[in-house]
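One structure below.
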Amino acid sequence: MKAEQAKNIAEEALARLADALEAGRSETLVRYLATMARFHDYSFGNVMLIYTQKPDATHVAGFRAWKNLGRFVRKGEKGIAIIAPMLIRPKDRDDDKSFLRFKAVYVFDGSQTEGEPLPEFACVNGNPNGHTERLKALVASKGIALEYTDNLLGAHGRSSGGRIELRPGLSPAEEFSVLTHELAHEMLHKDDRRNGTSKTIRETEAEAVAFVVCQAIGLDTNTAAADYIQLYAGDKATLAESLDHIQKTAAEIITAIKDDEHRASRHTGTVPAEVHA
């Protein structure tokens, strides 16, 4: 594929993403955020405690909190111990002085409960049609290691300077989208540029690249990219400030995986799928 064609595909896709961001939060995102607000924020120490006891935990809450959400802990489920602070005022003292004490309390992951369904975050759907393998080849060509692990604390993927980790068991479309997102981090957010950008900018850029590339191969992105960007406080203005970086990175990825597709088609005698603008 010619670079100019890839550039045009990126421009059209980014215009659609800008419109989606300007339209505001989707109903799915609003329901998702409302539910997540009911969960407690946990300290780093408690996050580590949760991780060591149940590495695949995603959303945890106490017995009563789950009940208030219309869900109930299944009989026989083992709780996850965390440390909770408590203010204790001794009865034998005349002053109002209280003492801070800590005790173990138990929380449960959503997978340990049943009842009213929790709202699910929007995700990418469709069939990558062999593009995932070509994307992996591009990752390898850049000297980036790719690994699969369950130890991502609920995340689907993570990049860490020369290494990308993905959660196993993702759907084909999600795997392609997440891998593209993490590759965009590797290509865009190294060294000085990482230090000079906020998390909002970095996540907006990476997800926008994933959106463009997913659109280019015909995946159904629905509201997933716009929802993700807004989850990190990104908006149309954030997107506009990063358009040049996003467009160049997305075009490079599209050109690489589409060039590989055409080379493969010449060897097999098949006709490559049309590029979706």
Side-chain angles (χ1 to χ4, degrees), residues 6-33 36-37 120-125 135 138-139 142 144 152-161 164-167 170 173-217 219-255 257 277:
K7 180 175 177 290
N8 291 338
I9 291 170
E11 285 179 350
E12 293 176 12
L14 286 169
R16 288 192 290 271
L17 180 56
D19 289 342
L21 289 171
E22 192 171 37
R25 292 176 173 176
S26 70
E27 182 180 343
T28 300
L29 180 59
V30 170
R31 287 190 288 110
Y32 181 85
L33 292 174
M36 293 306 102
E120 295 183 1
F121 200 79
C123 60
V124 178
N125 297 302
L135 184 62
L138 176 61
V139 169
K142 291 182 175 294
I144 301 169
L152 294 177
L153 295 179
H156 286 341
R158 177 171 61 199
S159 63
S160 52
I164 291 175
E165 296 173 306
L166 298 183
R167 173 186 285 186
L170 297 175
E174 288 179 305
E175 181 183 11
F176 181 88
S177 177
V178 174
L179 180 54
T180 305
H181 178 107
E182 301 306 335
L183 175 57
H185 276 310
E186 290 291 316
M187 295 171 67
L188 283 167
H189 306 135
K190 290 183 177 180
D191 306 324
D192 292 341
R193 187 155 194 280
R194 177 176 178 81
N195 296 331
T197 53
S198 66
K199 189 172 184 66
T200 295
I201 291 172
R202 292 194 297 272
E203 294 305 325
T204 296
E205 291 178 348
E207 189 61 16
V209 169
F211 174 85
V212 171
V213 178
C214 286
Q215 289 259 306
I217 69 165
L219 295 181
D220 177 12
T221 53
N222 53 75
T223 65
D227 286 356
Y228 183 93
I229 289 170
Q230 291 178 94
L231 190 65
Y232 283 92
D235 54 19
K236 185 177 179 180
T238 312
L239 181 69
E241 291 176 2
S242 294
L243 278 181
D244 186 54
H245 294 291
I246 295 166
Q247 187 181 68
K248 287 179 179 177
T249 304
E252 180 182 342
I253 296 172
I254 293 168
T255 301
I257 64 177

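The residues of the chain are indexed from 1 along the displayed sequence.
Under the salt bridge (Lys or Arg N to Asp or Glu O under 4.0 Å) criterion, K142 pairs with E252, sequence neighbours left out. Contacts of H189 classified as ring pair (Phe, Tyr, Trp, His ring centres under 6.0 Å), with partners at least two apart in sequence or in another chain: H185.
Expressed to the nearest 0.5 Å, how far CD of E182 lies from CZ of R158 amounts to 9.5 Å. In this structure, the separation between NZ on K7 and CD1 on I254 is 12.5 Å, given to the nearest 0.5 Å. Note that NZ of K199 and OG1 of T204 are 11.0 Å apart. Values are rounded to the nearest 0.5 Å. In this structure, the separation between CG on L166 and CD on E174 is 11.5 Å, given to the nearest 0.5 Å. Atom-to-atom distance recorded for I257:CD1 and I217:CD1 is 5.5 Å, nearest 0.5 angstrom. Taking CD of E22 as the start and CG of L239 as the end, the distance is 11.0 Å to the nearest 0.5 Å.
Between A13 and F211, the closest heavy-atom pair is O-CE2, 3.1 Å. Pairing each heavy atom of A251 with each of A6, the nearest pair is O-CB, 3.7 Å. When all heavy atoms are compared, the tightest approach of A210 to T180 is CA-CG2, 3.7 Å. In this structure, Y232 and T200 approach most closely via the heavy-atom pair O-OG1, 2.9 Å. I201 approaches S242 most closely through the heavy-atom pair CG2-OG, 3.8 Å. When every heavy atom of A122 is checked against every heavy atom of T223, the shortest pair comes out as CB-OG1, 3.3 Å.
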Practice task
Kindly indicate, with the supporting measurements, whether the criterion side-chain contact (heavy atoms from CB on, under 4.5 Å) is fulfilled by D235 and L21.
Solution key: CA-CA 6 Å; D235 54 19; L21 289 171; 5.5 Å; no
Practice task
Using the side-chain contact (heavy atoms from CB on, under 4.5 Å) rule, take I229 and L17 through it: C-alpha gap first, then chi angles, then the decisive distance, then the call.
Solution key: CA-CA 10 Å; I229 289 170; L17 180 56; 4.0 Å; yes
Handout entry: Stepwise side-chain contact (heavy atoms from CB on, under 4.5 Å) check, N125 with N222
Key = CA-CA 8 Å; N125 297 302; N222 53 75; 3.5 Å; yes
Practice task
Start with the C-alpha gap between F121 and T28, add the side-chain angles, then the distance that decides, and say whether side-chain contact (heavy atoms from CB on, under 4.5 Å) holds.
Solution key: CA-CA 7 Å; F121 200 79; T28 300; 5.9 Å; no
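A 4.5 Å side-chain heavy-atom check between L219 and F176 finds at least one atom pair inside the cut-off. Considering only heavy atoms from C-beta on, H181 stays 4.5 Å or farther from V209 through its side chain. Here the side chains of I253 and M187 are in contact, with some heavy-atom distance below 4.5 Å.
Side chain of Q230 to backbone of A226: a donor-acceptor contact under 3.5 angstrom is found. R202 places a side-chain N or O within donor-acceptor distance of the main-chain N or O of T197, the cut-off being under 3.5 Å.
Side chain to side chain, Y228 and E203 meet the donor-acceptor criterion of an N or O pair below 3.5 Å. H245 and E205 share no side-chain donor-acceptor pair at under 3.5 Å.
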